Engineer: 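Before we start, here is the structure in question, set down as structure tokens.
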Protein chains: 2
Amino acid sequence: MNARIEDVARAAGVSTATVSRALRGLPNVSESTRTTVSRVAAELGYVVSRSASRLATGRTLAIAVIAPFMQRWFYAQAIAAVEAELRQSGFDALLIGLNDPADLHHEGFDPLSLRGRVDGVVVLTVPLTGSELDGVRRLELPTVYVGASVAGAMSVRIDDVAVARLATEHLLQLGHAEIGYVGGDPRQPLNFSAPADRRAGWMAALRQHGIEPVPAYEVPGGFTAEGGLAAAEQLLSLPTPPTAVFAASDEMAMGVLVAARRRGLRVPEDLSVVGVDGHELAALQGLTTVEQPVAAQGALAAQLVLESLRGQSPRRHEHVVLPVQLTVRETTAPPRIRTALVTQS
Amino acid sequence: MNARIEDVARAAGVSTATVSRALRGLPNVSESTRTTVSRVAAELGYVVSRSASRLATGRTLAIAVIAPFMQRWFYAQAIAAVEAELRQSGFDALLIGLNDPADLHHEGFDPLSLRGRVDGVVVLTVPLTGSELDGVRRLELPTVYVGASVAGAMSVRIDDVAVARLATEHLLQLGHAEIGYVGGDPRQPLNFSAPADRRAGWMAALRQHGIEPVPAYEVPGGFTAEGGLAAAEQLLSLPTPPTAVFAASDEMAMGVLVAARRRGLRVPEDLSVVGVDGHELAALQGLTTVEQPVAAQGALAAQLVLESLRGQSPRRHEHVVLPVQLTVRETTAPPRIRTALVTQS
DNA sequence: CTGTTAGCGCTTTCAC
DNA sequence: GTGAAAGCGCTAACAG
């Protein structure tokens with residue numbers, strides 16, 4: 001039923017080689033034949049067989065997009081951007097969702113199974129285990145990581161330490177001294193650097209202001225709104241609760257907001273909250289946050305793999321760090337009482 | 001570098017045909033040779049060339065997943081579910097994001113380009129144009145639509161009219177008479193049935209209670225939180241603002257919540273709000289909603305294509321409708337004044 | 001500029 | 001149970 005290249009060749013009165021060249025826009029084809037071939041191909045509804053051309057060229061025109069928690073805001077945004085970029089260049093996006101490592105079904109994903117199925121790989125900050133990372137490396141395909149930099153591969157990310165410093169500094173400037181940190185799960189797989197880096201930035205900023213971070217002010221939020229809510233409840237139950245909270249993601253920050261509301265605390269009068277991301281729902285709620293360019297990171301990652309495939313300026317920009325921006329809205333303000341006294345002292 | 005089937009055959013001292021049969025678990029292979037072959041293959045790190053086997057068999061072991069607005073909650077959830085199901089069955093998920101039809105770059109996607117690239121298609125409720133729909137049909141591949149039923153293809157969805165009735169009935173029971181509806185954009189492409197159906201359900205429920213729907217109470221919200229916010233602002237500026245709002249999605253409902261808060265209205269005392277979906281962020285905020293099983297719809301859709309591919313009970317369950325459930329939380333309560341009077345009359 | 005001719009790596013009859 | 005051989009549909013030298 002589907003026309004093959006030979007059918008087109010016959011109908012156009014040329015060889016299959018010419019049809020192939022004409023349709024792919026290769027040089028050394030007269031305009032007239034190219035026109036004819038295109039017309040005939042269209043008439044016959046001819047579509048090249050991807051399988052056949054893959055086998056013949058060794059190129060798949062597909063890129064694997066590996067991501068965990070694809071339902072989460074960051075990943076959904078990034079995946080959309082990567083996909084759009086790939087498809088625009090005629091590449092297929094092979095989506096690979098890692099099972100939530102939290103559940104025990106995570107029996108490990110074997111990157112080697114990707115051999116011959118894709119030309120390159122985009123890995124969205126993912127808690128890959130060491131052996132999986134190794135597998136990806138052994139694929140020997142152009143690979144770019146988004147959100148974390150891995151030695152030996154390209155990467156696109158933001159400076160997570162700077163992100164946290166920015167957020168924490170903002171709170172410090174406002175006069176806060178008791179600043180809680182709601183971050184990731186400490187027993188999370190490694191090379192998921194964002195949580196650790198953000199924590200480090202929070203600490204660094206505090207210390208720079210002569211404040212020693214209190215262990216009790218550091219609570220894991222699992223990067224979910226629910227986790228943020230629970231973390232905030234824990235923080236707010238403390239004998240000396242923090243007057244401000246820096247949550248490592250907007251989703252967690254929204255959880256913090258809910259916790260505050262439930263306790264009857266007003267934001268920002270009684271509690272200041274800063275997040276990270278640029279989640280539109282958070283923006284609507286007036287959350288002060290450090291925005292990161294998610295779509296840009298995804299698009300750039302896709303471009304890097306594609307460029308690398310074309311052999312253009314190979315491995316250019318091995319590690320790109322995109323800028324972030326503090327957006328102050330309505331969830332941050334000077335603290336009410338305690339720090340006011342401190343300021344006057 | 002990558003081992004080919006011939007290498008395995010040679011190393012195992014058998015023919016390529018036998019290797020092929022052994023590795024795929026086909027019958028007519030002695031247990032001993034199967035063992036040997038498997039071992040040798042493993043040793044050599046052999047992975048079948050998807051391209052080659054595709055060309056030879058005509059099957060791609062890939063399914064296209066077409067979705068618009070992949071960043072939105074519903075789609076992200078559904079895509080994750082479809083992908084998980086497919087990969088579990090050894091199928092590749094080829095992600096195809098339609099450009100946001102809202103932007104003008106939507107030059108139409110040509111489904112025919114999928115020919116030979118996938119064995120089946122899962123289409124997530126998408127505003128396909130008539131010709132695109134036709135294209136998908138002409139692909140003559142097993143296709144299942146999620147969220148809308150299209151003639152000639154399988155589908156998995158919920159009863160959107162019932163969803164709206166459920167939500168509206170709940171408000172009516174509470175005593176509300178002025179119930180606004182925040183829905184989709186009226187000038188949206190067709191066969192995006194949810195908005196229209198939900199609107200119909202809202203109207204039907206009202207009429208059933210002898211209330212004639214007021215045009216002014218019906219405002220488009222574009223299915224985004226921002227749109228919901230704007231719509232609510234419009235509703236609340238009315239001379240006689242509604243005492244309750246039914247938003248056709250949780251994201252829009254959250255926008256309504258923000259609008260209410262900005263106006264200093266208390267929810268549910270001054271305004272009741274009901275959404276649709278089961279968005280976890282909305283749950284956290286206590287939103288009363290009609291929950292739909294999104295992951296289940298995605299998983300089922302994937303299963304239907306796969307079954308159809310295996311020729312099992314072809315086209316069984318042509319149109320599956322999954323149940324929804326009203327979850328009452330804290331954003332709905334009896335109206336304060338007006339209806340109280342009415343009730344007493 | 002265009003045609004001829006080998007494959008790409010696997011699957012699949014059809015014999016043995 | 002196993003092997004030989006003929007493709008699957010396209011691309012890529014290499015001639016001409």
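Just so we're on the same page: letters track the sequence lines, and every chain starts at 1. This one's a predicted model, so the numbers in the text were calculated from it and none came from an experiment.
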Engineer: Could Arg72(B) and Tyr75(B) be counted as a cation-pi pair, given that NZ or CZ must be under 6.0 Å from the ring centre and within 45° of the axis?
Structural biologist: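 No, cation not above the ring by the 6.0 Å, 45° rule.
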Engineer: Arg117(B) has an atom CZ; how far is it from atom P of dC8(D), in whole Å?
Structural biologist: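 Spelled out: CZ on Arg117(B) to P on dC8(D) is 23 Å.
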Engineer: For DNA chain D, find the residues of residues 25-40 of chain A with a heavy-atom distance under 4.0 Å and give them by number; none if there aren't any.
Structural biologist: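 Those residues whose heavy atoms fall under 4.0 Å from DNA chain D, taken from residues 25-40 of chain A, amount to none.
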Engineer: Rounded to the nearest angstrom, tell me the gap between atom CZ in Arg59(A) and atom C1' in dT11(D).
Structural biologist: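 Nearest whole value for this atom pair: 13 Å.
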Engineer: Rounding to a whole Å, what distance do you find between Arg10(A):CZ and dG3(C):C1'?
Structural biologist: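 So the CZ-C1' distance, Arg10(A) to dG3(C), works out to 15 Å.
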Engineer: Answer with base, sugar-phosphate or nothing: what part of the nucleic acid does Arg54(A) contact at a heavy-atom distance below 4.0 Å?
Structural biologist: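 Counting heavy atoms under 4.0 Å across all strands, no contact is made by Arg54(A).
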Engineer: Gln77(B) side chain to Val294(B) main-chain N or O, any donor-acceptor pair under 3.5 Å?
Structural biologist: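 No; judged by distance alone, with no hydrogens or angles, the pair does not exist.
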Engineer: Can you check side-chain hydrogen bond (donor to acceptor under 3.5 Å, both in side chains) on His319(B) and Ser155(B), steps first, answer last?
Structural biologist: CA-CA 5 Å; His319(B) 299 284; Ser155(B) 69; 2.6 Å; yes
Engineer: Are there any protein N/O atoms within less than 3.5 Å of an N/O atom in nucleotides 7-10 of chain C, and if so, which ones and at what distance?
Structural biologist:
| residue | atom | partner | partner atom | Å |
| --- | --- | --- | --- | --- |
| dC8(C) | O2 | Leu55(A) | O | 3.4 |
| dC8(C) | O2 | Ala56(A) | N | 3.2 |
| dG9(C) | N2 | Ala52(B) | O | 3.3 |
| dC10(C) | OP1 | Tyr46(B) | OH | 2.6 |
| dC10(C) | OP1 | Ser49(B) | N | 3.4 |
| dC10(C) | OP2 | Ile5(B) | N | 2.4 |

Engineer: How close do Gly135(A) and Leu112(A) get, counting heavy atoms only, and between which atoms?
Structural biologist: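 Residues Gly135(A) and Leu112(A), closest heavy atoms: O-CD2, 3.8 Å.
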Engineer: Check step by step if side-chain hydrogen bond (donor to acceptor under 3.5 Å, both in side chains) holds for Thr33(B) and Ser30(B).
Structural biologist: CA-CA 5 Å; Thr33(B) 44; Ser30(B) 76; 2.7 Å; yes
Engineer: Applying side-chain hydrogen bond (donor to acceptor under 3.5 Å, both in side chains) to Ser15(A) and Thr18(A), what does each step give before you reach the verdict?
Structural biologist: CA-CA 5 Å; Ser15(A) 72; Thr18(A) 300; 3.2 Å; yes
Engineer: Are Arg310(A) and Glu307(A) close enough for a salt bridge, meaning some N to O gap below 4.0 Å?
Structural biologist: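 No.
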Engineer: For a quick test of reading the model, state the closest non-hydrogen atom pair linking Val29(B) to Arg21(B) and the distance between them.
Structural biologist: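 Nearest heavy atoms, Val29(B) then Arg21(B): CG2-CB, 3.7 Å.
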Engineer: If you measure only the distance, is there a donor-acceptor pair under 3.5 Å linking the side chains of Ser20(A) and Arg24(A)?
Structural biologist: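 There is such a pair between these side chains.
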Engineer: Would you classify Val14(B) as touching base, sugar-phosphate or nothing, given that sugar-phosphate means primed atoms plus P, OP1 and OP2, and contacts are heavy atoms under 4.0 Å?
Structural biologist: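 Sugar-phosphate, backbone atoms only, no base.
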Engineer: What does the inter-axis angle of the helix from dC1(C)-dG16(D) to dC16(C)-dG1(D) come out as, five pairs per end, nearest 10 degrees?
Structural biologist: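 For the helix from dC1(C)-dG16(D) to dC16(C)-dG1(D), the axes at opposite ends meet at about 30°.
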Engineer: Within the side chain of Ser308(B), is there an N or O that forms a donor-acceptor pair under 3.5 Å with the backbone of Pro142(B)?
Structural biologist: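 Here the side-chain-to-backbone pair does not exist.
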Engineer: Rounded to the nearest angstrom, tell me the gap between atom CG in Leu61(A) and atom P in dC10(D).
Structural biologist: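 Nearest whole value for this atom pair: 14 Å.
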Engineer: Thinking salt bridges, do Arg50(A) and Asp92(A) make one under a 4.0 Å N-O criterion?
Structural biologist: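 Yes.
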